[in-house]
Amino acid sequence: MTTLACVVGARPNFVKMAALLDGLRRAAPQLSPLLVHTGQHYDEAMSARFFAQLGLPAPDVHLGVGSASHGAQTGRVLERYEAWLLSRRRRPAATLVVGDVNSTLACALASVKLGVPVIHLEAGLRSFDRTMPEEINRLLTDAIADLLLASEPSGVANLRREGRPESAIRLVGNVMIDALEAQLEAARALAQPRAFGLEPGAYVLWTVHRPANVDRPARLVALAEVLAAVARRLPVVLPAHPRTEKRLRDAGLWSRLERTAGLHLTPPLGYLEFLGLEAEAALVVTDSGGIQEETTVLGIPCLTLRSNTERPITVEEGTNTLVGDDDARLLELVGEVLAGRYKKGRRPQLWDGRAGPRAAREIRAFLGVPPA
Ligand code: UD1
Ligand code: UDP
């Protein structure tokens, strides 16, 4: 049996891996996945709930790294993943990493140095902003990966420009949309807007967790103000990432937001609950990578609190607009959405719910395993 070590660490990884494992079951059942959880995210609301809702199997190994500074966290994953690889009588045929979190880079590096090939799913995305920790993770992971599976054409173009060999690059589409398609009906059935006392189509869903927004005190204060301004026009639901809650509490803003009229502050939501709210929102405001993609497919307007995106197709073809920290522009666009004047967008090619099986076929071929 050919084994494939599949690495997850943080919330968006769980969504992508659920789709990929499903794709492997359907299109490459000869491969035997071993699920490795680094433990980068560990709260029930950031990890276990996703395993349960997305039907992920219990991890075969849990590295238990937890939170730390970038260097310490990346180093811990590197050391523990290497130790796990060395402890095995037979090494896996390859390590599969997804996305752009610290666990992605650390496991890719540990693996390649032991001669275990690396497969990167969601390769080639570039924000061209090296102050983003994820951009460094993306650049370095793609520089050492042996098979590069891209979700959109910009990823292919970036990898070519960086001189990665044509034979290693494949456009397979977006596995995050596979997960969305698989779960959307169940998510809608939860009637989440009503559970929050909201009318479908008449509220804003807001997420923010990037260091560039929440780790800068002046920006955080401005965000609290624009949140309150939007909440005066339309109810807002804000499921707060643990990083965001911590920063808001440290800045003394949390209790003020709890008292803000029209604002529903919640802990992070499960995948189904979140998707249920996202699918019925009037608009989404976010700095998440994955949510820019999900809103494009759902046809929900998305205002992104960043001045760049590594997912340009969501702006060029989808419903996404970059507003950066221009809060006046944000309020103006909220007005356009409410007036029905916002762009409609279309679904990008290969974001069709079948990216997982396409990725699985490429992985099987890369590993030299014949079709079933
Ligand atoms: C990480 C990823 C980011 C991704 C995000 C998804 C990196 C560099 N960043 O950011 O790309 O968009 O995950 O959600 O890998 N914490 C908890 N409980 C948890 C996890 C984290 O309380 O289960 C708190 C801790 O205080 C921790 C902080 O959140 O220090 C940040 O966690 P970390 O994993 O370092 O980065 P994220 O901001 O979650
Ligand atoms: N998500 C969720 N609950 C939340 C916020 C987000 O289930 O409270 C989902 C969202 O639908 C998407 C993924 O988490 O599938 C995105 O993860 P996140 O924004 O943490 O990371 P990023 O994509 O920015 O790396």
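First listed ligand is number 1; within each ligand, the first listed atom is number 1. What you see is a predicted model; the values in this text were computed from it and never measured.
Atom 9 (N) of ligand 1 has as its closest protein heavy atom E134 OE2, 3.6 Å. The protein non-hydrogen atom at the shortest distance from atom 18 (N) of ligand 1 is D43 OD2, 2.9 Å. When hydrogens are left out, the protein atom nearest atom 2 (C) of ligand 1 is V101 CG1, 3.7 Å; that is the closest non-hydrogen contact. Looking only at heavy atoms of the protein, atom 32 (O) of ligand 1 is closest to H41 NE2, 4.3 Å.
In this structure, CG on N320 lies 10.5 Å from CD on E316, to the nearest 0.5 angstrom. From E273, atom CD reaches atom CD of E278 across 13.0 Å, with rounding to the nearest 0.5 Å. Note that CE of M132 is 7.0 Å distant from CG of D100, once rounded to the nearest 0.5 Å. The distance from the NE2 atom of H241 to the CG atom of D43 is 9.5 Å, given to the nearest 0.5 Å. T104 OG1 to D142 CG: the interatomic distance, rounded to the nearest 0.5 Å, is 10.5 Å. Interatomic distance, Q183 CD to L54 CG, rounded to the nearest 0.5 Å: 5.5 Å.
For Q30, the side chain to side chain contact (heavy atoms under 4.5 Å, CB included) test picks out A28, R364, V369, A372, with sequence neighbours left out.
Within the 3.5 Å criterion, the main-chain N or O of R311 finds a donor-acceptor partner in the side chain of T314. A distance-only check finds a donor-acceptor pair linking the side chain of W351 to the backbone of S151 [under 3.5 Å]. At least one donor-acceptor pair closer than 3.5 Å links the side chain of N13 to the backbone N or O of A10.
At a heavy-atom cutoff of 4.0 Å, ligand 1 is contacted by both the backbone and the side chain of R243. The side chain of P12, and not its backbone, has at least one atom closer than 4.0 Å to an atom of ligand 1 (non-hydrogen atoms only; side chain from C-beta on). The side chain of M46, and not its backbone, has at least one atom closer than 4.0 Å to an atom of ligand 1 (non-hydrogen atoms only; side chain from C-beta on).
An N or O contact shorter than 3.5 Å links Y42 to ligand 1 by distance. Looking at ligand 1, you'll find an N or O of N102 within less than 3.5 Å of one of its N or O atoms.
No side-chain heavy atom of S47 sits under 4.5 Å from any side-chain heavy atom of Y42. Within the 4.5 Å cutoff, the side chain of L180 has heavy atoms near those of the V297 side chain.
Which of S67, P133, A106 comes nearest to atom 21 (C) of ligand 1 through a heavy atom is settled by distance: it is S67. The nearest non-hydrogen atom to atom 5 (C) of ligand 1, considering only H209, R247, R11, comes from H209. Evaluated by nearest non-hydrogen atom to atom 34 (O) of ligand 1, the leading choice among K246, Q40, H241, E245 is Q40.
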Short N or O separations between ligand 2 and the protein, below 3.5 Å:
{"unit_1": "ligand 2", "atom_1": "3 (N)", "unit_2": "L269", "atom_2": "O", "d": "2.7"}
{"unit_1": "ligand 2", "atom_1": "8 (O)", "unit_2": "L269", "atom_2": "N", "d": "2.9"}
{"unit_1": "ligand 2", "atom_1": "11 (O)", "unit_2": "E294", "atom_2": "OE1", "d": "2.8"}
{"unit_1": "ligand 2", "atom_1": "11 (O)", "unit_2": "E294", "atom_2": "OE2", "d": "3.3"}
{"unit_1": "ligand 2", "atom_1": "15 (O)", "unit_2": "E294", "atom_2": "OE2", "d": "2.5"}
{"unit_1": "ligand 2", "atom_1": "19 (O)", "unit_2": "S288", "atom_2": "OG", "d": "2.7"}
{"unit_1": "ligand 2", "atom_1": "20 (O)", "unit_2": "R11", "atom_2": "NE", "d": "2.9"}
{"unit_1": "ligand 2", "atom_1": "20 (O)", "unit_2": "R11", "atom_2": "NH2", "d": "2.9"}
{"unit_1": "ligand 2", "atom_1": "23 (O)", "unit_2": "S288", "atom_2": "OG", "d": "3.4"}
{"unit_1": "ligand 2", "atom_1": "23 (O)", "unit_2": "G289", "atom_2": "N", "d": "3.4"}
{"unit_1": "ligand 2", "atom_1": "23 (O)", "unit_2": "G290", "atom_2": "N", "d": "2.8"}
{"unit_1": "ligand 2", "atom_1": "24 (O)", "unit_2": "R210", "atom_2": "NH1", "d": "3.2"}
{"unit_1": "ligand 2", "atom_1": "24 (O)", "unit_2": "S288", "atom_2": "OG", "d": "3.3"}
{"unit_1": "ligand 2", "atom_1": "24 (O)", "unit_2": "G289", "atom_2": "N", "d": "2.8"}

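Heavy-atom proximity to P242, at under 4.0 Å, picks out these atoms of ligand 1: 16 (N), 17 (C), 18 (N), 22 (O), 24 (C). Atoms of ligand 1 found under 4.0 Å from any heavy atom of R210 (numbered from 1 in listed order, with element): 3 (C), 4 (C), 11 (O), 12 (O).
Remark: E82 does not engage K113 in a salt bridge, criterion side-chain N to carboxylate O under 4.0 Å.
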